[in-house]
Amino acid sequence: MTKNRDTELIGKILDLKKKRNAVILAHNYQLGEVQDIADFIGDSLGLSQNAAKTDAAVIVFCGVRFMAETASILCPDKIVLLPDINAGCPMANMITAEKLREKKKEVPAATVVCYVNSTAEVKAESDICCTSANAVKVVESLDAQEILFVPDQYLGHYISTKTGKKMLLWPGFCPTHVRIQPEHIVRLREEYPQAKVVVHPECRPEVIALADEVLSTGGMCRYARRSEVKEMIVGTEMGIIHRLKKENPDKRFIPVSEQAICPNMKLITLEKVLWSLEEMTPEVKVPEDIRLKAKSVVDKMLMIGRG
Ligand code: 13P
Ligand code: SF4
């Protein structure tokens, strides 16, 4: 019954997608059935790169708001749809442009690096942006004595350990990744001694210290394809397991914690994708003055590429 319903929904989505000249982009944390209808699935960097080069007139962004905003920043002439406008990123909302302006007054000499998980207004107040896939490379490229990193303290801390740079860290964090605890990894390592432990840099430092690799979600998908990886303990949001298993059916993927679920990522469903294509709403559009400032910050990052 559910299968028939999904088949019907998918048929309608694909017809409308063609009619509207739309492309569907999905983040690696999306529900499996949403990933399965996407034209491209990836991490934040891959999705921005894809948005920047698409010829489609409409981008249906299956992810969270800052991702759709980044697509709108890069493609002002395209319609960017976010099938559920409530899909936000709590970490991105842990800083506002106003609070950042105040902080900049305290440290006027600091170069501001913002994680892509931030609003367009915060990007517009920053000097350069980064994703988890290129954060170390972006910071290494800077000739700065002092760096203010916003909003993720844990990603910022990880970058400072890799680059040796002095960094002031905004106290933001991802409520999903903080659920991953060192004890989870210690227990799973005992149970699966052959497995590689791969975690996202949004995890706490105590978790990162126990990992074999610290990678973006796209980096995890590439790492899983390596021949020496047969079993992988996965320290990030659960949604990625769908893609890892689909692309590597003979390998074993063990989530570090089944509590690592981002409720915002799960707001996008097949029904909502269909409705957004039918109604051409909700649209995400960044005001032009903010967009122009934010674009130069995102462009600088895209020039650097993947780390
Ligand atoms: P990635 O860019 O690694 O996919 O991370 C995005 C994100 O929101 C992680 O929580
Ligand atoms: Fe934001 Fe965390 Fe969800 Fe990623 S997993 S979108 S950082 S709340």
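Residue numbers run from 1 in the order of the sequence given. Since we're looking at a predicted model, the values are computed, not measured. Every number for a ligand or one of its atoms is a count from 1 in the order of the listing.
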By the definition side-chain contact (heavy atoms from CB on, under 4.5 Å), identify the one residue from Leu82, Asp84, Val80, Ile85 that meets it with Pro282. Ile85

Thr131 versus ligand 1: do any nitrogen or oxygen atoms come within less than 3.5 Å of each other? no

With a cutoff of 4.0 Å, is Glu202 in contact with ligand 2, counting heavy atoms of the residue only? yes

Would one find an N or O of Ser216, backbone or side chain, under 3.5 Å from an N or O of ligand 1? no

Side-chain (Gln153) to main-chain (Val150) donor-acceptor, under 3.5 angstrom: no

Report the nearest protein non-hydrogen atom to atom 8 (S) of ligand 2: residue, atom name, distance rounded to 0.1 Å. Pro90 CD, 3.4 Å

Looking at ligand 1, does any of its N/O atoms fall within less than 3.5 Å of an N/O of Thr217? yes

One finds that the ligand 1 atoms under 4.0 Å from a non-hydrogen atom of His200 are 1 (P), 3 (O), 5 (O), 9 (C)

For Tyr29, take its heavy atoms, then give the atoms of ligand 2 lying under 4.0 Å from any of them. 5 (S)

If we number the atoms of ligand 1 from 1 as shown, the ones under 4.0 Å from a heavy atom of Asn117 are 7 (C), 8 (O)

Nearest non-hydrogen protein atom, atom 7 (C) of ligand 1: Glu202 OE2, 3.6 Å

Please check whether Asn28 reaches ligand 1 - meaning an N/O of the residue sits under 3.5 Å from an N/O of the ligand, judged on distance alone. no

Asp36 bridged to Lys246 by N-O distance under 4.0 Å: yes

Are Lys78 and Asp55 within salt-bridge range, i.e. N to O under 4.0 Å? no

Tell me if a side-chain donor or acceptor on Lys251 pairs with a main-chain N or O of Val229 at a distance below 3.5 Å. yes

Among Ala92, Gly239, Cys89, which residue places a heavy atom closest to atom 6 (S) of ligand 2? Cys89

Considering only heavy atoms of Cys174, which atoms of ligand 2 have at least one such atom less than 4.0 Å away? 2 (Fe), 5 (S), 7 (S), 8 (S)

Within the 4.0 Å heavy-atom shell around Tyr29, which atoms of ligand 1 are there? 7 (C), 9 (C), 10 (O)

Which residue and non-hydrogen atom of the protein lie closest to atom 2 (O) of ligand 1, and at what distance in Å? Ser44 OG, 2.8 Å

Heavy atom of the protein closest to atom 3 (Fe) of ligand 2 (residue, atom name, distance): Cys262 SG, 2.4 Å

Ignoring hydrogens and angles, tell me if any N or O in the side chain of Asn117 forms a donor-acceptor pair with the backbone of Ala92 under 3.5 Å. no

Number the atoms of ligand 1 from 1 as they appear, then name those within less than 4.0 Å of a heavy atom of Ser132, with their elements. 1 (P), 2 (O), 3 (O)

Where's the contact between Asn117 and ligand 2, heavy-atom distance under 4.0 Å: side chain, backbone, both or neither? side chain

